[in-house]
K.L.:
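Sharing a structure here in structure tokens format.
Not measured: the values here are computed from a predicted model. Residue numbering restarts at 1 for every chain, and letters A, B, ... go by the order of the sequence lines.
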Amino acid sequence: MPHLHEEKIKMLEEKAAEIRLDLIEAVINAKSGHVAGPLDMADIFTALYFHELKHDPKHPDSEERDRVVLSNGHICPVLYSTMCHAGYGDVEEFKTTLRKFGSPFQGHPHREYFPAVETSSGPLGSGLSQATGMALGLKMDKKPNQVFALLSDAEHQAGNTWEAAMLAGKHKLDNLTAIVDRNNIQITGMTEDIMPLEPFRAKYEAFNWHVIEINGHDFKEIIGAFETAKAIFEKPVVILAHTIAGKGVSFMEYKYEWHSKPFTPEEAEISLRELKAAREKVKNHA
Amino acid sequence: MLNPKEKLNPKIWDKDVEQAPIRKGFGEGLVVAAEADARVVGLCADLLESTQMLAFQKKFPERFVEIGVAEQNLVTVASGLAAVGKIPFCTSYAMFSPGRNWEQIRTTITYNDRPVKIAGSHAGVSVGPDGGTHQAIEDIAIMRVLPNMCVISPCDSIEAKKATMAAAKTKTPTYLRLAREKSPIVTTADTPFELGKAQVFFAPETGKPQAGIIATGALVHRALLAAKALEEQGIGVTVLNLSTIKPIDTEAIISLAREAGALVTVEEHQIAGGMGSAVAEVVAANSPVPIEFVGVHDKYGQSGTPDQLLEYYGMGQTHIADAVSRVLKRK
């Protein structure tokens with residue numbers, strides 16, 4: 001695969017480890033916030049902002065930029081952490097002010113406070129529609145920008161998501177890529193117990209989308225999927241990213257209870273210890 | 001007498017005064033706005049003809065998006081289009097948009113402060129035979145409560161055209177409240193229009209008014225008829241056309257409250273939360289005077305002719321005159 005030397009992958013792995021550690025520090029300081037989703041999407045956000053996106057943190061309003069719509073706004077700790085590492089904000093400010101009064105880093109993204117985010121979000125199910133509108137508008141103007149919509153799996157229980165999927169299929173929006181965090185959890189339990197989403201692939205295929213399934217923690221697969229998405233003509237692409245909820249913290253992994261939960265001091269300590277160890281391991285790995 | 005400065009329709013008092021649906025003016029205004037600005041795009045939820053977007057779609061097919069029966073998608077796609085520099089107008093019936101998709105409007109349009117224009121056609125009970133499911137009488141309340149949202153309720157087709165053209169030029173999220181049925185033409189092409197400005201359409205020939213009537217939408221015509229009849233009985237009233245409900249013209253309202261000392265509000269909407277409530281908020285805070293509210297009293301609509309329904313739900317000309325009598329006793 002071009003552009004993807006081992007060095008680049010190591011850089012991405014290091015970056016993702018830092019992003020995970022910083023977002024957990026921020027949530028611990030905030031004494032509330034979501035953790036399982038942010039941890040499991042750290043690799044994909046890293047691949048987006050440090051490899052795939054056409055963007056310029058110095059000019060967040062640039063007409064040339066690709067658009068990123070975070071639909072499930074509650075995983076914003078990973079968006080903030082990644083964007084700060086990319087240069088859109090101050091990492092220390094993020095770690096100390098997340099969810100606090102007057103902070104750019106509101107409990108759910110709010111453009112008024114952090115204008116570098118493309119849209120405010122929180123209520124689920126409306127991100128794919130906005131991304132579809134952006135992709136439609138860019139096509140009308142024959143512009144080359146790509147649009148990425150980041151979605152949770154459970155928000156596919158909302159009708160609005162499928163209204164958007166239908167429209168994007170109708171208009172063959174090949175400048176639109178949706179990335180679904182298939183971590184199988186939601187607040188009250190496992191998605192397949194709450195409201196089954198499978199067969200997920202078949203649903204999107206039925207709406208005339210091209211579907212790619214990947215391991216959402218393997219940078220070669222993530223970036224390979226981005227490359228494929230660009231090569232697909234006359235269809236929107238959805239990347240079903242299979243992820244491990246709470247990735248990187250042993251007691252959180254696969255646990256729906258960690259969708260959002262305050263840490264005990266012991267849990268905070270273990271989380272930080274494990275994520276620091278993971279960061280060191282990646283750094284020292286030749 | 002009619003305020004000569006406003007250059008209103010001289011045939012306004014005639015029984016056969018020309019009539020046109022308010023939504024028609026929206027359709028005409030949209031085409032003019034789109035000719036003037038290539039950023040104007042149109043979205044519709046399978047109601048192309050009845051929301052009067054057809055002329056736009058025929059002229060600018062490449063700038064039109066048919067969303068299908070999906071009003072949540074209608075406004076969120078519009079938000080996305082606005083995010084990449086478009087000025088989207090989206091149409092449906094008011095009961096479905098903003099009726100069905102309020103949270104999407106809040107989060108993706110007003111919270112983001114995106115210049116999406118929402119045209120809600122078929123507002124009010126005068127929708128008629130379709131019945132209560134299709135008669136939006138809550139839309140002013142749910143739109144005016146949203147920060148950043150501008151709310152306009154034109155009094156006739158000509159004002160609707162001007163309001164649509166004006167809305168296309170602002171960066172503000174905007175709700176245009178439109179009606180289905182034909183209603184009397186009150187204004188003319190020469191009547192001045194400015195967003196956010198209420199206009200005195202009728203005032204006593206001499207002296208101060210005993211009461212002020214503040215009306216919005218098609219009922220402005222009935223308010224004028226009531227005012228003329230009252231004048232003939234020796235009761236001088238002023239009629240204010242409040243087409244922009246938000247941002248509200250506090251100056252005009254306070255001035256009328258102080259001058260008249262009693263107010264009646266007239267709207268085809270629930271009394272709770274509507275234009276009258278907005279007026280009461282201004283009056284209570286600045287120049288308290290008694291107010292009577294003409295509108296729907298906490299009920300749903302039903303099938304019938306527009307006239308039958310307006311009478312049944314208490315929004316006829318006599319109801320307006322009765323409200324003036326009541327408010328005068330409270331002075």
K.L.:
A:Ala131 versus chain B, heavy atoms under 4.5 Å apart: side chain, backbone, both or neither?
P.N.:
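It is neither, since no heavy atom gets under 4.5 Å.
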K.L.:
Look at A:Asn145, A:Leu138, A:Thr161 and state which one has the largest set of heavy-atom pairs under 4.5 Å with chain B.
P.N.:
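Top count of heavy-atom pairs under 4.5 Å with chain B: A:Leu138.
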K.L.:
Checking A:Glu118 against chain B: side chain, backbone, both or neither under 4.5 Å from a heavy atom?
P.N.:
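A:Glu118 touches chain B through backbone heavy atoms alone.
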K.L.:
Take atom CZ in A:Arg65; do more than 12 heavy atoms of anything else shown fall under 6.0 Å from it?
P.N.:
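Yes, enclosed.
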K.L.:
How long is the span from the CG atom in A:Leu124 to the CD atom in B:Glu103, to the nearest 0.5 Å?
P.N.:
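Output value for this atom pair is 9.0 Å.
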K.L.:
Check whether A:Pro115 gets within reach of chain B through its side chain, its backbone, both or neither, counting any heavy atom under 4.5 Å.
P.N.:
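A:Pro115 has no heavy atom closer than 4.5 Å to chain B.
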K.L.:
Let me know which of B:Thr76, B:Thr107, B:Asn101, B:Val77 forms a side chain to side chain contact (heavy atoms under 4.5 Å, CB included) with A:Ser126.
P.N.:
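Output: one option passes, namely B:Thr76.
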K.L.:
Check the pair B:Val65 / A:Leu167 against side-chain contact (heavy atoms from CB on, under 4.5 Å), numbers first and verdict last.
P.N.:
CA-CA 9 Å; B:Val65 186; A:Leu167 184 70; 4.3 Å; yes
K.L.:
Tell me which of these, A:Pro123, A:Gly125, A:Ala135, has more heavy-atom pairs under 4.5 Å with chain B than the rest.
P.N.:
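Heavy-atom pair counts peak at A:Pro123.
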K.L.:
Could you tell me whether the side chain of B:Val41 reaches within less than 4.5 Å of the side chain of A:Leu136, counting heavy atoms only?
P.N.:
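In short, these two side chains do not touch, never coming nearer than 4.5 Å.
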K.L.:
Is the CD atom of B:Glu35 crowded by more than 12 outside heavy atoms at less than 6.0 Å?
P.N.:
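Check passes, neighbour count above 12.
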K.L.:
Using 0.5 Å steps for rounding, measure from the OH atom of B:Tyr111 to the CD atom of A:Glu112.
P.N.:
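Interatomic distance, B:Tyr111 OH to A:Glu112 CD, rounded to 0.5 Å: 8.0 Å.
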K.L.:
Which region of A:Lys143, side chain (C-beta onward) or backbone (N, CA, C, O), has a non-hydrogen atom less than 4.5 Å from a non-hydrogen atom of chain B, or is it both or neither?
P.N.:
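No part of it gets close to chain B.
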K.L.:
So do the side chains of A:Glu163 and B:Ile67 get within less than 4.5 Å of each other, counting heavy atoms only?
P.N.:
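Side chain of A:Glu163 against side chain of B:Ile67, heavy atoms only: no contact under 4.5 Å found.
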K.L.:
Would you indicate whether the side-chain heavy atoms of A:Gln130 and B:Asn112 approach each other to under 4.5 Å?
P.N.:
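The answer is yes, as the side chains (C-beta and beyond) meet within the 4.5 Å cut-off.
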K.L.:
Return yes when atom NZ of A:Lys172 has more than 12 non-hydrogen atoms of other residues, nucleotides or ligands closer than 6.0 Å, and no otherwise.
P.N.:
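For A:Lys172, atom NZ is not crowded (no more than 12 foreign heavy atoms under 6.0 Å).
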K.L.:
Between B:Lys86 and A:Gly133, is there a donor-acceptor pair closer than 3.5 Å when you use the side chain of the first and the backbone of the second?
P.N.:
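Pair absent, no side-chain N/O of B:Lys86 close to backbone of A:Gly133.
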K.L.:
Please name the pair of heavy atoms, one in B:Ala83 and one in A:Arg67, separated by the smallest distance, quoted to 0.1 Å.
P.N.:
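Scanning both residues, the minimum pair turns out to be O-NH1, 3.3 Å.
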K.L.:
So which part of B:Arg106 gets closer than 4.5 Å to some heavy atom of chain A, the side chain, the backbone, both or neither?
P.N.:
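Contact with chain A involves no heavy atom of B:Arg106 at all.
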K.L.:
How close do B:Arg114 and A:Arg111 get, counting heavy atoms only, and between which atoms?
P.N.:
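Scanning both residues, the minimum pair turns out to be NH1-NH1, 3.4 Å.
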K.L.:
If I compare all heavy atoms of A:Gly137 with all of B:Val84, which pair ends up nearest, and what's the gap?
P.N.:
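Taking A:Gly137 first and B:Val84 second, the nearest heavy atoms are CA-CG2, 3.8 Å.
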K.L.:
So does B:Lys299 have more than 12 non-hydrogen atoms from other groups sitting under 6.0 Å from NZ?
P.N.:
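No.
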K.L.:
Would the number of heavy atoms belonging to other residues, nucleotides or ligands and lying under 6.0 Å from CD of B:Glu49 be above 12?
P.N.:
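No, CD of B:Glu49 has 12 or fewer neighbouring heavy atoms, counting only those of other groups under 6.0 Å.
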K.L.:
Verify the neighbour count for atom CZ of B:Arg39: are there more than 12 heavy atoms of other residues, nucleotides or ligands below 6.0 Å?
P.N.:
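No, the 6.0 Å shell around CZ holds no more than 12 heavy atoms from other groups.
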